[in-house]
Amino acid sequence: MASLLLLLLLALSGPGTSLFSPGSGRLLPYDLLYADGVRAYFARDWPRAAELLQRALHSYSQLLVARRGCQGRCREEAGFAGPLAAPSWETRFFDRILQRAECLGECLGRRLGSEPSLHRASREIQEDFEQREPYNYLQVALFQLKKLDEAVSAAHTFFVANPQHLQMREDMEKYQRMAGVKLESFRDLQATLYWEAYETGVQQYNVEEYLQAAVKLEESLEEVLLALEDCRALCEGPQEDGTEEEMQPGLYEAITAHYIQVLKCRQHCVLEVATKPGRVSATDDFIPSHLDLLQFAYDQVGNQALAAECAASYLLFYPSDELMLEKMKRYQAELGEEASMTARENIQRYVQRSLMEKKLIYYAVEHLGGTFNDPDPWTPDELIPGSLKQKHRENREKQRLENLDVGEQEQRGPFTFEGITVAMDSHQLNGSQRVVFDRVLTDSECKDILRLAKLAQDGIVNWRDATLLLHASEKSRKIVESYFTPGKRLHFSFTHLVCRTAVEGDQDGRMDLSHPVHADNCLLDPEGKECWREPPAYMYRDFSGILYLNDDFHGGDLFFTEVDAVTVTAQVRPKCGKLVAFSSGRENPHGIWAVTHGRRCAIALWYTLSPEHAEQERMEAEDLMRQGDMEQELSHTDVEEHMGTDHSGGASPEPPVPKGRARSTSQRRTSGSESGQQPQKLRARDEF
């Protein structure tokens, strides 16, 4: 958990050093408080650890407040108002620079109570605080102190920003089951106001509560613009130089490099503000989308004047948007020719400033080198230098393809598998890209694979047994490919044999899940009604399947939901030979009810259209199967040559069985196997 730099800080501060001096009137450096707090944590000094970690978080928060406040004050007191007339422009320019530096130093020194340079932490420590790592330590310390409500809040604050953290996921589940834990304790201590307002506004918009939606979206937009200013102010920090150069740059080169770094940082603030905690991807067109939703909401409640204002503001980003231009014509006709329909002043300033910064950045990239990943899809094409346009278009197209959802249209060819029937299609399953097939396996084939699962637990599966699994899964792949992607090759992404056994004890009233609601290629966000295609999701998965092997159990049904993970749209009861297949994206959230009696077994399958993400271990397993077939043929030949025409009446010898055992496609080959070419044993994983 502790970073290398943090451990160095622990060592340098010494075991007896106290970095916390309450009542001193100074804001102590947060990185040193953090180091001392973590050392107390590892010493299991819980009261001191909790106190110091809370102090470190407070110090970090106050440092950001001081920097933002001082940047705003000094921008007004030592600004660049008025022209810089020649020939004295250089001295006048640097005179103002010196005034700004003096103002910032005095303001920060007064607010912090110490030299501002003492509060410059390393990038590694900054990232810990940006990712809310101190809350992870803090929740454990508070739990040990039996401060349960505070521990839950600290844990929840960390988990919101780190939803992929498996240990914290387990901790959160434990907190939810603990007696005495209040629902209101699960609160985000670093929640940003605009996200709650934005998501509430979008939800009200979706249920056509336009007046309430407009209030929330206006609140969100106002807070977003303020958050952008805060982010931009923090960009004016020390220059981050990731290279070691023997020759230092000259005065103007150094100023230019640092200033362009600040401009790029300011430009990317829109991505930071538009990225919800715990996510990697930003919400597309965050500010224009506010204006688009607002203009429609105001139009629906009969306030055409505000609708026109929002439409005009939106057109600053997309001036050739035909639909919005048509709406502007309608608003003009309804309000009269004399009505003024101008964009909001704060949006005008935002767009003008952003375009000026982009122009400077692109000029620097074209003439001085470097790169710039423009965060805005609305940047005018004419602003981009000709030499950079092709690269810019390629980046845009790449981003567009990455963001494409699975289409609603299902393109299928003729379904020609004899004996296999489509039991339910998308319409019957109340969704899109879903299907249920029957009779994919016979009863005897199901029994053989179930026997394989039992043998796998005992570690006595040979290569011929594993062939059953490979043949069944390959048959399923061909069916899914024929139905969903005719003419396009589907590759296995992952395959495994899964069994889930009911726990012992009373099962009455059980409503828990064997597998929680999720989507297979994106991170489901039920509250925001989004599904984020970003790590750690398996973004390359395109289709999923479950091939059932039995039905002699209770519970264990598969169900589909809306993106809210609550509204169940369809449910499928397992049965031998039944194959459920569906696209892996946000259109198909699904979960599995707990098995309450008996044992459910199935083959779980994921497919991809990308050859580079094909399951390598499956290819190796197929090679081993072919190798086994060849060895069997050679063995038969050897036996026949050895015995010649001797018919002594004795029993014919069994063909030799290869020493190795077939391994699960989910298991890696290890150096401890009998031979580098022999596989490990097959394991039936008790999970889905």
Side-chain angles (χ1 to χ4, degrees), residues 63-64 66-108 116-117 119-123 126 130 225 227-273 349-376 379-380 383-385 387-388 391-392 395:
L63 176 63
L64 297 185
R67 284 179 175 168
R68 291 165 183 151
C70 289
Q71 290 287 359
R73 176 194 151 189
C74 295
R75 190 180 301 114
E76 295 176 1
E77 293 185 6
F80 288 84
L84 295 172
S88 60
W89 71 266
E90 184 175 336
T91 54
R92 295 187 64 189
F93 171 77
F94 281 105
D95 178 60
R96 294 177 186 178
I97 291 288
L98 292 171
Q99 290 179 35
R100 178 77 68 90
E102 180 187 17
C103 176
L104 287 171
E106 181 275 329
C107 179
L108 286 171
S117 61
H119 296 266
R120 291 181 182 174
S122 71
R123 185 61 205 155
Q126 291 179 51
E130 290 168 4
L225 293 173
L228 272 170
E229 293 306 310
D230 286 346
C231 175
R232 290 171 60 86
L234 295 176
C235 287
E236 298 177 18
Q239 183 175 8
E240 296 179 5
D241 186 5
T243 61
E244 295 286 340
E245 296 187 7
E246 293 183 5
M247 182 170 292
Q248 297 298 318
L251 172 64
Y252 294 104
E253 292 91 339
I255 293 173
T256 299
H258 197 171
Y259 185 58
I260 294 300
Q261 172 193 299
V262 170
L263 291 183
K264 289 179 180 178
C265 175
R266 289 173 176 173
Q267 284 285 302
H268 280 86
C269 277
V270 71
L271 295 182
E272 181 174 325
V273 169
R349 289 195 300 270
Y350 172 82
V351 172
Q352 290 168 1
R353 181 180 64 185
S354 183
L355 290 176
M356 178 58 71
E357 290 175 350
K358 291 177 190 292
K359 185 175 181 180
L360 290 173
I361 294 171
Y362 278 118
Y363 182 90
V365 170
E366 181 183 27
H367 296 283
L368 304 176
T371 59
F372 174 52
N373 295 321
D374 196 324
D376 297 310
T379 301
L383 190 70
I384 303 165
S387 60
L388 302 176
K391 182 65 175 176
H392 181 74
N395 290 338

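We use all heavy atoms of the structure for the numbers below, so side chains are in, but hydrogens, waters and symmetry mates are not.
Pairing each heavy atom of Arg68 with each of Asp230, the nearest pair is NE-CB, 3.4 Å. Between Thr379 and Asp374, the closest heavy-atom pair is OG1-OD2, 2.8 Å. Here the shortest heavy-atom pairing between Cys74 and Leu104 reads SG-N, 3.4 Å. Heavy-atom minimum distance, Gly370 versus Val365: O-CG1, 3.3 Å.
In this structure, CG on Leu355 lies 11.0 Å from OH on Tyr362, to the nearest 0.5 angstrom. Taking CD1 from Ile255 and CD1 from Ile260, the interatomic distance works out to 12.0 Å, rounded to the nearest 0.5 Å. The structure places NE2 of His367 at 7.5 Å from OG of Ser387, a figure rounded to the nearest 0.5 Å. We find the OH-CG distance between Tyr363 and Leu388 to be 13.0 Å, quoted to the nearest 0.5 Å. Residue Ile384 holds its CD1 atom at 13.5 Å from NZ of Lys359, rounded to the nearest 0.5 Å. Note: Cys107 SG to Arg67 CZ = 12.5 Å, rounded to the nearest 0.5 Å.
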Could you pull out all donor-acceptor pairs under 3.5 Å where a side-chain atom in residues 265-272 meets a protein atom, sequence neighbours excluded?
residue	atom	partner	partner atom	Å
Arg266	NH2	Glu236	OE2	2.5
Gln267	OE1	Lys358	NZ	2.7
Gln267	NE2	Ser354	O	3.4
Gln267	NE2	Ser354	OG	3.2
Gln267	NE2	Glu357	OE1	3.1
His268	ND1	Lys264	O	3.0
His268	NE2	Asn373	O	3.0

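Tyr350 meets the side-chain hydrogen bond (donor to acceptor under 3.5 Å, both in side chains) test with no other residue; sequence neighbours excluded. Under the side chain to side chain contact (heavy atoms under 4.5 Å, CB included) criterion, Gln352 pairs with Gln348, not counting sequence neighbours.
Surrounding CD of Glu106 are more than 12 heavy atoms belonging to other residues, nucleotides or ligands, all under 6.0 Å away.
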* For side chain to side chain contact (heavy atoms under 4.5 Å, CB included), just list the numbers for Leu225 and Glu229, CA-CA rounded to whole Å, side-chain angles, deciding distance to a tenth of an Å, and then say yes or no. => CA-CA 6 Å; Leu225 293 173; Glu229 293 306 310; 6.0 Å; no
